[in-house]
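All remarks here apply to the structure that follows.
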Amino acid sequence: MNSIASVTLEVADTTAADRFYTAFGIGARLGLRASQAPTTGFRGFALSLTVSRPSVVDGFIGAALDAGATPLKPAAKSFWGYGGVVRAPDGTIWKVATSEKKDRGPAPLRFDEMVLLLGSADVLASKRFYLERGLTVAKSFGSKYVQFEAPSGGVKLALYGRRALAKEVGVPVDGTGSHRLVLGGDGEAFADPDGFAWEAPSRMPTP
């Protein structure tokens, strides 16, 4: 395995979720699967969109809120740039951010990359786990953050400390039950040390 082949969100209402993600501007980048698996609180992951400038952040955040998302962190300047966080109606947390602080006017509503942030109890142990399965590190900041290589246009995988990720997206760290997330790779099925499930491509739904 060398990258994420697909990302599937398990949701209570696939029709409503499809309507939301179409309005949000994500569309076919995600798979959706019906599930009533119990889950409470922080589900241990977030999806992040990296965009070109603050006006694009505002565009995505505005589209999400208009489609029914809940604000978690209003879009604002930070030390690293400009960004905001929302929770989709299905419960998935989305961060939209840019490294640019100064806006250069309007731009098309598109993102440069999508990153799946997994909250890990032990980042270094999870890093070793994924290295053993063929992934290659692109960025690493000790036990705080690891990002793996991905093909151009693919979803990137990154590891964050669970508590740090919860703080980053503005939610309490506590959570129980299903992650409501299934990842597709190019090998056999497995679960990582934090319980995130990977399936073989033949079992993944078609977006």
Q: Return the orientation label for the W198 and F190 ring planes: parallel under 30°, perpendicular over 60°, tilted otherwise.
A: parallel
Write down the atom of [X], the atom of [Y], and the distance for their closest heavy-atom approach.
| X | Y | value |
| --- | --- | --- |
| A107 | V56 | CB-CG2, 3.7 Å |
| G84 | V57 | N-CG1, 4.2 Å |
| V7 | L183 | CG2-CD2, 4.1 Å |
| S52 | E100 | O-CG, 3.3 Å |
| S178 | R180 | OG-N, 2.9 Å |
| F111 | G25 | CE2-O, 4.2 Å |

Is the closest side-chain heavy-atom distance between [X] and [Y] below 4.5 Å?
| X | Y | result |
| --- | --- | --- |
| K127 | F129 | no |
| W94 | L49 | yes |
| L157 | L118 | yes |
| P54 | T98 | yes |
| I93 | L72 | yes |
| D174 | T40 | no |
| L117 | L47 | no |

Side chain [X], main chain [Y], donor-acceptor under 3.5 Å:
| X | Y | answer |
| --- | --- | --- |
| H179 | D194 | yes |
| D103 | S55 | yes |
| R162 | V173 | yes |
| K73 | E168 | yes |

Honestly curious: do [X] and [Y] fall in one hydrophobic cluster under the side-chain, below-4.5 Å linking rule?
| X | Y | value |
| --- | --- | --- |
| Y145 | F42 | yes |
| V169 | V146 | no |
| V51 | V155 | yes |
| F20 | M114 | yes |
| F141 | F148 | no |

Q.
Could you check whether R19 makes a cation-pi contact with Y21, meaning its NZ or CZ is under 6.0 Å from the centre of the six-membered ring and within 45° of the ring axis?
A. no
**Q.** Basic-acidic side-chain contact under 4.0 Å: R33, E199
**A.** yes
